[in-house]
Peer 1: 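Handing you this structure, nothing more for now.
Because the structure is a prediction, the values reported are computed rather than measured. Just so you know, ligand 1 is whichever comes first in the structure, and atom 1 is the first atom listed for that ligand.
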Amino acid sequence: MNFQTPYYWYDLTLLDKTLNVLSKTAESYGYKIHYAVKANNNERILRRIAHEGYGADCVSGNEVLLAMKCGFHASKIFFAGVGKTDDEIITALQHGIGALVVESIEELEVISELTQQLQRQANIILRINPEVDAHTHGNITTGLKENKFGISESRIFDALSIMRQSSERLLFRGIHFHIGSQMMDFDPVRELCIKVNAIRDAIVSEGFYPRIIDLGGGLGIDYDYPEGQPIPDFVNWCQAIYDTLRLESGEEVHLEPGRSIVGQCGMLISKVLYVKQGEEKKFVILDAGMTELIRPALYGAKHAVRKIKRMGENNRPVFESASISDNSELYDVVGPICESSDTFAKNLPLPPMRRNDLVAILSAGAYGEVMSSEYNGHTKPRVFYSDMKLSDEEH
Ligand code: LLP
């Protein structure tokens with residue numbers, strides 16, 4: 001007997017190992033970590049990450065409240081996002097969070113007014129759009145002129161002038177950059193750091209001294225063969241920064257990884273409803289679709305799909321060999337949703353598939369459960385963990 005599909009299954013041992021490697025790496029470089037809550041806001045996972053002493057990168061008032069509830073210290077919470085509502089800004093100020101990451105002059109003006117009304121101070125980090133191409137999928141690129149994120153370089157001085165006018169209430173704490181997500185090589189990171197050196201110098205020449213230099217997240221994970229590299233390359237990410245960023249005394253590097261912390265520890269388990277012989281293809285139709293994991297439909301993202309042989313200890317799936325065997329067949333692996341984009345893989349070699357077989361869709365810990373929806377009347381996927389037994393199943 002198995003848990004009822006479809007469900008997310010989290011390998012907490014892998015999460016702990018990943019956190020351990022990240023913490024050691026960050027510590028050795030002296031860098032501070034803020035977990036990007038948007039990647040996965042599952043409370044058990046958040047609590048585990050908060051326990052590591054990290055800060056949180058939040059993008060809504062609710063994320064700020066959730067992060068605090070799950071043990072992140074308010075002073076280590078940064079609140080970014082291009083469209084913060086007045087209520088969200090007020091909530092953040094009232095809870096004394098670490099900093100508001102401000103994405104426009106217009107937002108800075110509103111924060112200035114609100115701090116005046118509330119008679120409070122706000123720690124401000126200016127997010128700057130550095131015009132550096134992350135060379136990743138267009139939908140997850142954020143550091144180009146055409147993107148809505150951050151203050152353009154040409155307007156930095158306007159922002160500083162507002163900071164100067166409201167200097168009793170707006171406290172300048174640093175600068176922030178995030179150029180994109182799922183970066184698999186470090187050239188864009190180096191390019192960013194070189195840009196940051198120049199931007200920081202320009203800001204210092206105006207009499208503003210950033211303590212925090214936040215370089216965002218974006219470290220990619222191996223979606224093709226996750227078993228080969230379950231823990232992302234934190235060392236080379238930090239080393240690329242170390243090699244190119246000129247850090248002045250009193251300045252701290254902050255990083256905001258999301259995907260690289262949680263991506264590989266989650267998988268989506270689904271059951272084969274039908275193996276349908278089409279005119280030209282064979283379709284494996286699953287009980288999970290874009291409602292449970294939207295990344296393939298939204299970004300054309302690839303996730304490895306494995307046929308499950310049996311459930312091992314603690315319901316950890318044991319896969320049939322990932323290599324292409326003699327009797328492999330080609331399948332399109334699709335979901336049940338009424339959209340053609342509801343497709344996980346095309347022409348994928350898999351061992352012969354039958355109704356009721358189980359499959360695992362790997363590397364689904366980031367932007368998986370958190371982006372699931374109830375479209376087509378689906379209920380939100382259930383969630384199980386590597387430390388649960390079947391009898392622990394919660395409804
Ligand atoms: N910091 C900022 C300001 C961000 O906008 C993001 C992600 C991160 C940190 C974390 O980036 P990460 O380390 O996870 O790459 N739903 C898309 C990804 C959207 C990323 C949005 N921003 C996907 O499934 O690929």
Side-chain angles (χ1 to χ4, degrees), residues 18 22 26 31-41 45 49 54-60 63-64 67 77-84 98-104 125-130 132 134-144 147-151 174-186 188-189 192 212-223 232-234 237-238 241 253-266 268 290 292-303 344 361-373:
T18 308
L22 174 58
Y31 297 170
K32 303 238 181 325
I33 302 295
H34 296 249
Y35 167 63
V37 173
K38 62 174 85 64
N40 189 320
N41 67 1
I45 290 187
I49 297 173
Y54 297 168
D57 155 43
C58 297
V59 288
S60 68
E63 276 194 2
V64 169
I77 295 177
F78 292 171
F79 179 17
V82 290
K84 303 177 189 74
L100 289 164
V101 177
V102 177
E103 306 235 9
S104 65
I125 294 177
L126 297 179
R127 177 169 179 179
I128 294 158
N129 184 332
V132 171
H135 296 294
T136 182
H137 190 283
N139 288 8
I140 51 176
T141 293
T142 50
L144 293 177
N147 301 130
K148 66 182 174 183
F149 301 99
I151 298 170
I175 44 180
H176 177 286
F177 307 83
H178 172 80
I179 55 174
S181 200
Q182 185 51 20
M183 287 188 287
M184 290 306 277
D185 88 86
F186 301 110
V189 176
L192 170 66
I212 293 166
I213 299 197
D214 188 326
L215 299 176
L219 174 63
I221 62 171
D222 188 345
Y223 282 100
D233 195 355
F234 296 118
W237 186 31
C238 291
I241 295 166
V253 172
H254 290 236
L255 298 173
E256 297 173 344
R259 187 192 315 268
S260 52
I261 296 182
V262 291
Q264 299 293 28
C265 77
L268 176 61
M290 61 193 283
E292 284 69 31
L293 178 66
I294 200 173
R295 301 195 67 258
L298 200 57
Y299 316 111
K302 303 262 180 302
H303 285 256
F344 289 113
I361 301 171
L362 305 187
S363 315
Y367 308 107
E369 183 195 348
V370 71
M371 290 180 82
S372 62
S373 77

Peer 1: Could you tell me which atoms of ligand 1, counted from 1 in the order shown, lie closer than 4.0 angstrom to a heavy atom of P257?
Peer 2: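 Under 4.0 Å from P257, ligand 1 has these atoms: 13 (O).
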
Peer 1: For residues P130 and I179, report the shortest heavy-atom separation together with the two atoms involved.
Peer 2: CG-CG2, 3.6 Å

Peer 1: With atoms numbered from 1 as shown, which atoms in ligand 1 lie under 4.0 angstrom from a non-hydrogen atom of G258?
Peer 2: 12 (P), 13 (O), 14 (O)

Peer 1: Would you say A80 contacts ligand 1, with heavy atoms under 4.0 Å as the rule?
Peer 2: no

Peer 1: Below 4.0 angstrom from a heavy atom of D57, which ligand 1 atoms are there? Numbered from 1 as shown, please.
Peer 2: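 Atoms satisfying the 4.0 Å criterion: 1 (N), 2 (C), 9 (C).
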
Peer 1: Could you tell me whether Y367 and ligand 1 have an N or O pair separated by under 3.5 Å?
Peer 2: yes

Peer 1: Does M371 have a non-hydrogen atom less than 4.0 Å from ligand 1?
Peer 2: yes

Peer 1: If you measure from atom 11 (O) of ligand 1 to every heavy atom of R259, H178, R127, which option wins on shortest distance?
Peer 2: H178

Peer 1: For K38, enumerate each residue passing the side-chain contact (heavy atoms from CB on, under 4.5 Å) test, keeping only those at least two apart in sequence or located in another chain.
Peer 2: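 In terms of side-chain contact (heavy atoms from CB on, under 4.5 Å), with neighbours along the sequence ignored, K38 is linked to A36, D57, V59, E63, Y367.
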
Peer 1: Whether the side chain of R127 engages the backbone of H178 through a donor-acceptor N/O pair (distance < 3.5 Å, no angle test) should be reported.
Peer 2: yes

Peer 1: Which atoms form the tightest heavy-atom contact between H303 and L362, and what is the distance?
Peer 2: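 Smallest interatomic distance, heavy atoms only, reads ND1-O, 2.8 Å.
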
Peer 1: Below 4.0 angstrom from a heavy atom of E256, which ligand 1 atoms are there? Numbered from 1 as shown, please.
Peer 2: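 Those of ligand 1 that fall under 4.0 Å from E256 are 1 (N), 2 (C), 3 (C), 8 (C), 9 (C), 10 (C), 13 (O).
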
Peer 1: Within the side chain of E256, is there an N or O that forms a donor-acceptor pair under 3.5 Å with the backbone of G55?
Peer 2: no

Peer 1: Is the contact between Y299 and ligand 1 made by the side chain, the backbone, both, or neither, using heavy atoms and a 4.0 Å cut-off?
Peer 2: side chain

Peer 1: Run the ring-centre check on F78 versus H254 and record whether the distance is less than 6.0 Å.
Peer 2: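 They qualify: ring centres under 6.0 Å apart.
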
Peer 1: Do any N or O atoms from the side chain of Q182 and from the backbone of G218 form a donor-acceptor pair under 3.5 angstrom?
Peer 2: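 Not confirmed, Q182 side chain does not pair with G218 backbone.
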
